[in-house]
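Have a look at the structure below before the remarks.
Per chain, numbering begins at 1; letters A, B, ... match sequence-line order.
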Amino acid sequence: MLIKIIAKVMEMTKNFKKIEQKWQKRWAKEKIFKVNEKSKKMPYYVLEMFPYPSGRLHMGHVRNYALGDAFARFKRMQGFEVLYPMGYDSFGLPAENAAIKNKTNPKKWTEQQIKTMREQQQLLGNSYDWEREIATYNPNYYKWNQLFFLNFLKKGLAYRKKAPVNWCSKCQTVLANEQVVNGCCWRHEDTKAEEKRLEQWFFKITDYADELLEDLDTLEEWPQKVKTMQKNWIGKSHGTEVYFTEKDSGKKIPTFTTRPDTLFGVTFVVFAPEHPMVKELVAGTEHETDVLKFIEEVKGESLIDRLAEGKEKKGIALGKYAINPVNNEVIPIFAADFAVLEYGTGMVMCVPTHDQRDFEFAEKYGLQKKVVIQPKGKELNAHTMGKAFVDEGVMVNSEKFNGLGNVDAIEKISKWLEKERTGKRTVNYKLRDWLISRQRFWGTPIPIIYCDKCGAIPVPEKDLPVLLPDPSKAKFGGQNPLTTVKEFVETKCPKCKGDAKRETDTMDTFVDSSWYFMRYCDAQNKKVPFDKKIAEKWLPVDQYIGGIEHAILHLLYARFFTKALRDCGFLKADEPFKRLFTQGMVIKDGRKMSKSFGNVVDPLEIIEKYNADTARMFMLYSALPEKELEWSDKGVEAVFKFLNRVIDLVEDNKNKIGFGKIDVKKLSGVERLLLSKAHRTILNATGEIEKKQLNYAIASAARLVDELRKEKYDSADKNLRGFCIETIVKLLAPFAPHLCEELWERIRKKGFVSVAEWPKANEKFIDRKAEAGEALLERVKQDVATVKELAKINKPKTVSLFVAPAWKWKALKAIKEAVGEKPDFGGAMKAISKVKEAPKNEAPGFVKSIINKLGEYRDSVQIDEFAALKEATTQLEKDFGAKIVLEKAEKSKEAKARNALPGKPAILIE
RNA sequence: GCCCGGGUGGCGGAAUUGGUAUACGCGCACGACUUAAAAUCGUGUCCCUUCGGGGAUGUGGGUUCGAUUCCCACCCCGGGCACCA
């Protein structure tokens, strides 16, 4: 017997698999997901962040794709021409490492990984237009990276400089600032980034700092969190440059501050140790040796170590002095490790009393302190204060600014400095230029040739692409393998035709992902990266979906690229992604799925054990998409059961339903309620999908499934039941596409449900009052039954219901809000009737506002509980075999006394 | 330290503008079908109770006829940023 049952489950699973294969084949054969560029439908672009081809899918991928596909399918059914592509971010270090490990080469390895990945993705049945697939390692893709590089070079957006850079010893390459997390490499949490000084290529993202910041406001449909992170990363701060002068030479010392109000309290000035002026100032003095030693000492530490939390500041006096322009005070100059060369001017004016860092430094080196801002209610003493005072207060010791609030003084002092020409207001950013050079093989070659005579010469456009050499010719394992390929390195100078060498650094792979969504628009184009007109039709991406881990890296770079390419004339868009959705992680046992925790669930096993529709639907059903999703075997089981219930429902009905016009007039009360529920389900589910509350949308559809399974509808109108079944199949189609396609066929519908028209809710049929009335009645029945049971009264003679209608309370509130008074209940009722009688156009302002308020309630659901129950009295009496007495409990005190809260009848059994 | 989120049953988590707190799902209990089991279906399921009620949405206050929702203070958890002058 047991064997039989197992066989049955197996058969079910097998059927699902057959169904899935059948429809995947048909979709492919009919090319129903191929984008029609000539279509007159509105274009809509749905995109998931393209994957790194790591070979095997993990749950995060499945969740990402389930979300994207459901949304793409939904939009397609709504009548949009949907662009929904897939591709592979296939350059990068893992390929090189795997190649070394598996004794293959990165190209072969990557191609194999893509193949595996694509096969697994196709099992899920996503509605991609596979004809637009791209892979970034392909020369017909990276060629355009090189073209963009040359364009940027021309525009001054790409440049080379020697700079301190972050180096990861494990990756054997430099990293961008954005790729350093907590001082470590973003790929190697255990490897501290080292500082090196190298000649490297940069993209001038800082030119766009302001635009990148300001346009965040236009991204209304991005998560606030991501916008905040980007805003902080750009780190714009308004401040003032104040020009101090060196006492002996009269040299200008510009310092940057956001607190010019503390200017009279400056007691020393600090230079970043690397600042060239430090060496200049001490040259030939008795301090020179010590200072140079100090500089070397600081150089040994990376910026990250130097600025680590809680680290004690250290510095050295230069033996030189600066003059404060506002009061001509002479103050000492230091070089100190807490000043950063790249930020501001690299020189800081220090006010120990009002800045904690300055305070600590002054304490350590015994420097002067001077209070210039006093808080209200207490007096600060520079000698006894234990920490800097950084809150608001009143200016003191600041000559003509004394007595002002310090916040007002910021503006006033800045203006005064500008007038005196000893300072000016400026803006500073934390954002640094994007370092794109990587000392790795598996990336886009930077199209530059170095010639001893001519310098760095860009490769002429006609010579693009600069192809990566055959990997089999390179030696992997040590430093950049590209340098080991002679044929690649040795070349001729495009200018003088003499011997020259190619740049062997390749581009950061984030360059590849910064514009791939543009390439999808015109993926086959061989002449240009993409046709301008076509790109403008699709861009910006209407819905972008991915993980929050790219909040800064990829999303900021892509925004920069879009703006830079716009300025190079490639397209018109200002922003790449109109709506961004960041999905939550998939977790198990309260923690991230990870090999080291041993809690990884392989999505393929779930597809194998159940089917793709179940796997997808579980991903969407079990949590709000932006929240964490806790993996649960039971949850998967529940989804599988639900899908089987849907099959049973359709099977039971398929020969007993019709799809003709529903004659609403002939429907019974029960049938009309069902019609109302069906339309309300459509309305809710549609709104919920639009808001990405896909789990609610599925729950809404599931409620209609449960409703329709009730016995009372067995003999309901054929066409009505048909309408409900059809609606259910359509509503579930974006989530369980294979199964719904099959059910669509079984109820003998033509074509594919995947491209059927999304159902439209007709408000006319939604009777919220009737639904609310039904719910009220159910509640009262239950309450009465419970009270009867509790009181153990078998045959009550009368049941009294005290009813205080909720809508009156709402009206009361409306009036209170409108009038701003506290009318009592009786007064409120009178006011309502007066308002109702008053001619609208003649009513005074406050009466009009009451009318408006009441109008809002008219539009929302409000039932007269008393009337609803009165109508049902006969039925209630039959149910309970007792007389039902209804009483109004209108006044608040009375209602309370009888425990009748508004909208909830109190029951008294006698 | 600063900036965002968030604290609700045994669990994951619902509550559109303040109006039945705990939707939906899991788990548990009982029942139906069955020789039995599985599957399926149905019913119940916050806590206490002297059976009148009473108490619960992190804690303490406030506004209100009525607060998970609004206001104030505090505690805890998650995330981001952090010698950026």
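- Comparing B/C48 with B/A38, their C1' atoms sit 39 Å apart, to the nearest whole Å.
- Nucleotide B/A23 holds its C1' atom 7 Å from the CZ atom of A/Arg703, rounded to whole Å.
- Nearest heavy atom pair, residue A/Glu688 against residue A/Ser700, reads OE1-OG, 3.0 Å.
- Comparing the P positions of B/G54 and B/G1 gives an interatomic distance of 44 Å, to the nearest angstrom.
- The interatomic distance linking A/Phe268 (CZ) with B/A85 (C1') rounds to 11 Å, in whole Å.
- For B/C28 and B/C77, the P atoms lie 32 Å apart once the distance is rounded to whole Å.
- The same atom, P, is picked in B/U50 and in B/G44; the two are 25 Å apart, to the nearest Å.
- Residue A/Tyr621 is classed as a sugar-phosphate contact, given heavy-atom separations below 4.0 Å to backbone atoms only.
- By the 30° and 60° cut-offs, the orientation of the rings of A/His550 relative to A/His554 is perpendicular.
- Using a 4.0 Å heavy-atom criterion, one finds that A/Lys313 contacts the bases of the nucleic acid, with or without backbone contacts as well.
- For A/Asp355 and A/Arg259, the salt-bridge test fails: no basic side-chain N is under 4.0 Å from an acidic carboxylate O.
- A/Phe642 comes within 4.0 angstrom of nothing in the nucleic acid, heavy atoms only.
- Base pairing annotation: B/G5 forms a Watson-Crick or G-U wobble pair with B/C77, both donor-acceptor distances under 3.5 Å.
- Nucleotides B/U20 and B/C75 are separated by 33 Å at their P atoms, to the nearest Å.
- If you take atom C1' in B/C41 and the same atom in B/U34, they sit 13 Å apart, rounded to whole Å.
- For A/Glu363, the CD atom is densely surrounded, since the number of other residues' heavy atoms within 6.0 Å is greater than 12.
- Annotation for A/Lys364: atom NZ counts as buried by contact number, over 12 foreign heavy atoms lying within 6.0 Å.
- Residue contacts shown for A/Lys225 are limited to sugar-phosphate atoms, with no base heavy atom under 4.0 Å away.
- The gap from the P atom of B/G78 to that of B/C84 amounts to 25 Å, rounded to the nearest Å.
- If you take CZ of A/Arg357 and P of B/C84, they are 4 Å apart, rounded to a whole angstrom.
- Pairing partner, B/C28: B/G44, with both Watson-Crick or wobble hydrogen-bond distances short of 3.5 Å.
- To the nearest angstrom, P of B/C81 lies 21 Å from OH of A/Tyr429.
- To the nearest whole angstrom, the two C1' atoms, one in B/G66 and one in B/C76, are 29 Å apart.
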